[in-house]
Amino acid sequence: MFRPRTLQGRYARTAYLFLLPAILFFAAFFYLPIGNVVATGFRTGPMADQWAGLDNYGQALSDPAVRHSFLVTAGFAVMVVAGSIVIGLALAMAIDQPLRGRVLFRVLLLVPYLTSVAIVGLLWRNILDPELGVLNRVLGAMGLPGQTWLNTAPLLTIAAVTLWQSVGYTMVLFLAGLQGIPETYHEAAKIDGADAWRRFWRITLPLLAPTTLFVSVMAVISGLQAFGQAYIITGGGPGDATDLSVFHIFNVAFRTRDFGYSSAQSVLLLIVIVAFTLVQLRAGRRGEVTY
Amino acid sequence: MRRPLLYTLLGLACLVTVLPLLYMVSLSLQTEAETLAADAVLWPDAPQWGNYAELFARAPFGDFIVNSLVVAGCITLAHLLFDPLVGYVFAKFRFPLRNTLFVALLATLMVPFFVRMIPLYVLMANLGWLDTYQGLITPFLMDAFGIFLMRQFIQPIPDDLISAARIDGASELRIYRSVILPQTRPALAVLGLFTFVFQWNEFLWPLVATSTPEMRTIPVGLTLFNQEYFTLWHLTAAGSVILFVPTAVLFVLTQRYFVRGIALTGLK
C-alpha cells in the first residue's frame, strides 16, 4: 500500500479509510437506487427492459388516477401541516406554563409518537368502525349522533389519526423553540402595555418562525410520503378518496407489477418533495432571527 | 390563560392520546363475542389472558418478535458503529473532496424511502436477498441524519485532545476509540434509542421485502394477520400490545433523552 509522505496526506488517508464503508453504503443503497429509479422510469414491459423514452412520464402527467392521487396527497399534507402547527403550538404554549405535572403531561402527549403506523392504523380502524367501534358508543352515551367519518370525510379522518400520532413530536419541537425566546422580550412588551394576544402575534410567533418552518418542512415531507394510513385503514377508499401517492405507487409497482410506470411516478413525487423543501427553506431564510 | 382552564385542556388532550391505547389493551383481553358486540365493550367482564396464547397458536408470532428484534437490533448496532465514526471524520479531518462528500451525504436527507423502494426491491431480487435478514437490514445500515447528529456533537471536542494523543503516539483508531467515542455517550444514547424505535416500527420495507410469514416483522405480520382474520379484533389488539410494550418501556425509562433527542432534531 502506498505511504503518503506528508502529514496531510496521512490524515487524508486515514479519513478515507474511515469513510470507506460509508462511501460504499451510500453508493450502493442510495445513489445506485436513485440512478436506477430514474433509469427504470424510462423503460417499460414486465421486466422493465424496453426503452420507452418519456412515455411513462407523459402518461403519468395525463393519467387522471395519478393526478387524483397527487391532489389527494397534497390535501392530506396540507391538513397534516396545518394541524401540526396549530395543535402542536397550542399544546406547547399550554405546557410551557409553570404547571404541576408538566413532565407527566409531556410524557402522555408523546406516547402515541412511539406507536408503529401498524398500531395507529389497526387501532383506529377498529375505534372508528361504525358498527362495532367504541367511538360511536361513547358519542351515543353523550347523546351525540353516531359517525361514519371514514365514509363522509375519509381524508380528514386519516389526517386526524396521523396527527394523533405525531402531534406530541411537534409539541416538543415548539416547546424547545419557545424556551429559546429570551424572557426579556416578553417583559419589555408587558411594561409597554401589550396584552397576551398582542405579545403572541408580535413576539412569540415571529421569533418562533425558524421552528415553525422546521415543523412545516418535516410535516410536508412526512405527509407527502404517508402510506400505512391508506394501506391499513382505508385501502385507498372509499372509491379512491384516500389514494395517497405512495400507496398508489406501491400498487402500480407490486400489484400491477409495472416497475417502469411506478418508477416514473416515484421520480415525479420526489421532484415535488424536493421542490417544496427548497422553496420552504428559501422562504424561511428571509425570516431568520438571531438574538 | 387561567390555570384551571390549562389543566382541563391538557388533561383532555392526554385523554385523547392515552385512552385509545388503553382501549387497545381492553380489546386484547375481550372475548371474540365482546369485540363484535353491537354495543362496544369498554372493559371485559373477565380478562381473557388466553388471547395472547391463542395469537401465538394462530400466527408465527414468535418468529415476528425474533425478526423484529434481529432487524431493529442489527440496524441499531450498525448505526452506533458507523455514524459516530463518519461524523468524526467530517468533524475533525481535512481531506480532498470533503465538502463535496458532505453535501452528497446531506443530499440523501431529501430522498424519502419510497424513491429507493422499487430499485431496492429489484436489487434484492437480483441478489436473492428478498425474504432474508440481510435484505431487511442492509438498506438502513447508516443514514445521513445519524451521521450529521454525531458530527454536530463531536465538533466542539477540542482539537488539542486529538493532537495530544497523536503526539503520544496513539494510532488513529485508538484516538477515535479512546478519546472521541467516550465523550459521545449522551448522543449515542439518543441515536441508539431513536434508531431502534423507528426500525422496530418500520412498516413499508418489511412489507415489500418479505413474502413468507416466518420472515415478517411484527408490524407487517400483525397487519397481514388482521387482513386474514379481520374479525378477530381481540387477537389483533393483543399483537398490537406486544408491538407497543417494548417501545413504551424504553420510552418511560429514557424519556428525558427522548425529549432532548427530538429537540436536537430541530437544531440546525
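All heavy atoms count here, side chains included; hydrogens, waters and symmetry mates do not. Treat the numbers as computed from the prediction; the structure is a model and nothing was measured. Naming convention: chains lettered A, B, ... in sequence-line order (proteins, then strands); numbering from 1 in each chain.
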Next on the checklist: Distance to the ring centre below 6.0 angstrom and angle to the axis at most 45 degrees; does that hold for B:Arg166 and A:Tyr11?
Outcome noted: yes

Next on the checklist: Does the structure place the NZ or CZ of B:Arg116 under 6.0 Å from the centre of the six-membered ring of A:Phe29, at an angle of no more than 45° from the ring's axis?
Outcome noted: no

In the structure I gave you, are the side-chain heavy atoms of [X] and [Y] within less than 4.5 Å of one another anywhere?
{"X": "B:Pro20", "Y": "A:Trp124", "value": "yes"}
{"X": "A:Ile95", "Y": "B:Leu6", "value": "no"}
{"X": "A:Pro98", "Y": "B:Arg3", "value": "yes"}

Strictly distance-based, threshold 3.5 Å: is any side-chain N or O of [X] a donor or acceptor partner for the main-chain N or O of [Y]?
{"X": "B:Thr17", "Y": "A:Leu108", "result": "yes"}
{"X": "A:Trp164", "Y": "B:Val16", "result": "yes"}
{"X": "B:Asn201", "Y": "A:Leu114", "result": "yes"}

Going from [atom1] on [X] to [atom2] on [Y], what distance comes out if it is rounded to the nearest 0.5 angstrom?
{"X": "B:Thr223", "Y": "A:Ile232", "atom1": "OG1", "atom2": "CD1", "answer": "4.0 Å"}
{"X": "B:Glu34", "Y": "A:Leu132", "atom1": "CD", "atom2": "CG", "answer": "13.0 Å"}
{"X": "B:Glu172", "Y": "A:Thr14", "atom1": "CD", "atom2": "OG1", "answer": "4.5 Å"}
{"X": "B:Leu101", "Y": "A:Phe26", "atom1": "CG", "atom2": "CZ", "answer": "11.5 Å"}
{"X": "A:Gln97", "Y": "B:Leu10", "atom1": "CD", "atom2": "CG", "answer": "9.5 Å"}
{"X": "B:Cys14", "Y": "A:Leu109", "atom1": "SG", "atom2": "CG", "answer": "4.0 Å"}

Checklist entry - For the residue pair A:Phe18 and B:Tyr88, does the interplanar ring angle fall in the parallel (under 30°), tilted (30 to 60°) or perpendicular (over 60°) class? => result tilted

Item to check | Parallel, tilted or perpendicular: ring planes of B:Phe95 versus A:Tyr16, cut at 30 and 60 degrees | outcome: perpendicular

Next on the checklist: I need the residue from A:Phe227, A:Phe259, A:Phe30 with the largest number of non-hydrogen atom pairs under 4.5 Å to chain B.
Outcome noted: A:Phe30

Checklist entry - With chain B, which of A:Gly140, A:Ala12, A:Ala176, A:Ser266 has the greatest number of heavy-atom pairs at distances under 4.5 Å? => result A:Ser266

Item to check | Atom group of B:Ser240 that falls short of 4.5 Å from chain A, counting heavy atoms | outcome: both

Item to check | Pair A:Phe254-B:Tyr121, ring pair (Phe, Tyr, Trp, His ring centres under 6.0 Å): steps then yes or no | outcome: CA-CA 10 Å; A:Phe254 299 110; B:Tyr121 177 85; 4.9 Å; yes

Item to check | Distance-minimising heavy-atom pair for B:Val89 and A:Ala15 | outcome: CG1-CB, 3.8 Å

Item to check | Where B:Phe82 and A:Pro21 come nearest, the two heavy atoms and their spacing | outcome: CE2-CB, 3.6 Å

